[in-house]
Amino acid sequence: AEAVRRVRARAGGTAPVAVVTPSEVNGAFARRELAAVTSFIRVSFVTPRALHRELALPGLRAEGLRPEPPGWLRATAWRALERLDLGPYAEVLREPGWLPALARAVETLEAGGLSAASVGALEVDDADLMARGRMLAALMEAVDEARRAERIAGPEAEARAAMGAIEAGAPIPANVPTGAVLLGDARSTQRVARTLAAWLERREVARLALPHAPPPAWGGLTAAAPGAEVVEMTTPAPAIRWMRTPDPVRETAEMVRRVQRAVLDGVALDRIAIVLPDPSESVALGEDSVAAWYELLTWPGLRLRQALGPDAVAGRGRWRRLLARCGAYRGGAVIQDALAACREALGEDDEADRAALDGLMLSLDELRRVTESWRAAQTIGRWADSWLWFVRRFGRESSDARQLRRLLEDWARSDLGPPLSLPEAAATLRDALDVTQVVIGKLSDPSVRVLSPMQCVGARFELVCVAGLSQGRFPVSPSEDPILSDALAEAL
């Protein structure tokens, strides 16, 4: 609140101000804290990456280009692997588990301003590094060809359009704020960092000096406006207790004890945070087996009663035992036939099992009817549209469901990219969820927060339990990228 007031003292009494935060999670926390202090109008929250895209979008449209849809790069890389000469790595890299590393390597190289030609021109004595460089250059060239064919803007075109909007002072929403407040710090890519620095040069800027902050990140918020007015914060010194446990299980148990003790002492739940080094969401890749169908049918997020009526969930407590009679059968149709045969074999006194089988077969038949359409390959946008319909019809309302719907709605807006099979599309979705940072639950819910380290910026807590400090490189475990190795990155 003090930073906003100082910016407006120079920019004007009610000047629009943008609070720039490392991630959307920080903005959500900061918005709540600001509202608790006083009411402000014309204060928005944005991340550097989102600002970069908002500035570039009008210029890209004028050139007839479209921004890269979510998931497009992974889908395009996946399809390109089938026809590229991958050298000695061909057999390994075509396995699904390598796609995230390949896509991440391409994103890293492009973010660093390297082109396919510059990567392919690498000359070093190490034969392995040379082979890796040629493989990555071929993949980057395939991605560039797909962008040209589908009129998709690459990082260079996006950066050019963003800088053009700033230099021309384009009358677009992203240029409306005349002041900015920098909260926290986070590393940005070279292009995003240049855009942010140029945008801030034309505005009144204040930066919050957070207590106990780490050194400024290269290309981060602090580096983008080195001459910004600094607003100091005074807070009580935190009481830090270091603890060592034999294993992660006992570490978790100790954190639970700390949280319980704080709750008994009267600390509000939403003022307690548990910080984990590597937060991620997970998606199970199901298969057409008895175990997979049982997992789906009993998934807590599935609202079969609301979607299909009370008969569809009759005797649900008996479903596991009844499905177990199907043994190792595979295929939804085969499993349904086995259940029908099981029903025929029931005696006259087995009314409860008969009702449970009727409900089980009704639910299974309805879900099979929906998922049968997922056999054919289609673009990631069409997959997202199908999944979105499924979640809206069968999914229970929750913060997780809303987060998933927002992701799928972004993907469903575009029908670009190559067709993908179900496993390929599911792997793409899983990769996206792995890097999606979310706050579990509503901020208004009285619940303990589970966050990553940088997500704490902008929030206020009385107790913070931080796990995983044993690796020595918190918050990142010591590991080298399997494709873009440290040696290759240094050579490039």
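Treat the numbers as computed from the prediction; the structure is a model and nothing was measured. Position 1 is the first residue of the sequence, and the numbers go up from there.
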(message) Could you check whether T252 and R250, counting side-chain N and O atoms only, form a donor-acceptor pair closer than 3.5 Å?
(response) no

Take a 6.0 Å sphere around [atom1] of [X] and say whether it holds more than 12 heavy atoms from other residues, nucleotides or ligands.
{"X": "R191", "atom1": "CZ", "answer": "yes"}
{"X": "R66", "atom1": "CZ", "answer": "yes"}
{"X": "E24", "atom1": "CD", "answer": "no"}

[atom1] of [X] to [atom2] of [Y]: how many Å apart, nearest 0.5 Å?
{"X": "W72", "Y": "I152", "atom1": "CH2", "atom2": "CD1", "value": "4.5 Å"}
{"X": "L339", "Y": "D365", "atom1": "CG", "atom2": "CG", "value": "11.0 Å"}
{"X": "C342", "Y": "D337", "atom1": "SG", "atom2": "CG", "value": "12.5 Å"}
{"X": "L367", "Y": "L304", "atom1": "CG", "atom2": "CG", "value": "6.0 Å"}
{"X": "L196", "Y": "R49", "atom1": "CG", "atom2": "CZ", "value": "12.5 Å"}
{"X": "S485", "Y": "R132", "atom1": "OG", "atom2": "CZ", "value": "4.5 Å"}

In terms of side-chain geometry, is the basic nitrogen of [X] or [Y] positioned less than 4.0 Å from the acidic oxygen of its partner?
{"X": "E141", "Y": "R147", "answer": "no"}
{"X": "R343", "Y": "D358", "answer": "yes"}
{"X": "R406", "Y": "E409", "answer": "no"}
{"X": "E107", "Y": "R104", "answer": "no"}

Check [X] against [Y] and note the closest heavy-atom contact, atom names and distance.
{"X": "A165", "Y": "I172", "value": "CB-CD1, 4.1 Å"}
{"X": "A157", "Y": "L60", "value": "O-CD2, 3.8 Å"}
{"X": "P173", "Y": "P177", "value": "O-CD, 3.6 Å"}
{"X": "A273", "Y": "L451", "value": "CB-CD1, 4.3 Å"}
{"X": "T76", "Y": "A146", "value": "CG2-CB, 3.6 Å"}
{"X": "L488", "Y": "I483", "value": "CD2-O, 4.0 Å"}

Please check if the side chain of [X] supplies one atom and the backbone of [Y] the other of a donor-acceptor pair under 3.5 Å.
{"X": "R271", "Y": "R460", "answer": "yes"}
{"X": "R303", "Y": "R393", "answer": "yes"}
{"X": "R405", "Y": "V391", "answer": "no"}
{"X": "N26", "Y": "G458", "answer": "no"}
{"X": "D385", "Y": "A412", "answer": "no"}
{"X": "W411", "Y": "I380", "answer": "no"}
{"X": "R151", "Y": "E63", "answer": "yes"}
{"X": "W319", "Y": "A356", "answer": "yes"}

(message) side chain to side chain contact (heavy atoms under 4.5 Å, CB included) for R42 and V17? Distances and angles first, verdict last.
(response) CA-CA 6 Å; R42 309 183 77 189; V17 176; over 6 Å; no

Heavy-atom side-chain proximity of [X] to [Y] below 4.5 angstrom:
{"X": "P48", "Y": "V20", "result": "yes"}
{"X": "L81", "Y": "L102", "result": "yes"}
{"X": "E351", "Y": "R354", "result": "yes"}
{"X": "V19", "Y": "S44", "result": "no"}
{"X": "R74", "Y": "R79", "result": "no"}
{"X": "F461", "Y": "I272", "result": "no"}
{"X": "E366", "Y": "F394", "result": "yes"}
{"X": "V370", "Y": "W389", "result": "yes"}

(message) Run D185 and V457 through side chain to side chain contact (heavy atoms under 4.5 Å, CB included) and show every step you take.
(response) CA-CA 9 Å; D185 200 13; V457 177; over 6 Å; no

(request) Determine, stepwise, if the pair E254 / E251 fulfils side chain to side chain contact (heavy atoms under 4.5 Å, CB included). (result) CA-CA 5 Å; E254 180 61 30; E251 179 185 58; 5.8 Å; no

(request) Could you go through the side chain to side chain contact (heavy atoms under 4.5 Å, CB included) check for F29 and F45 one step at a time? (result) CA-CA 10 Å; F29 277 125; F45 294 80; over 6 Å; no

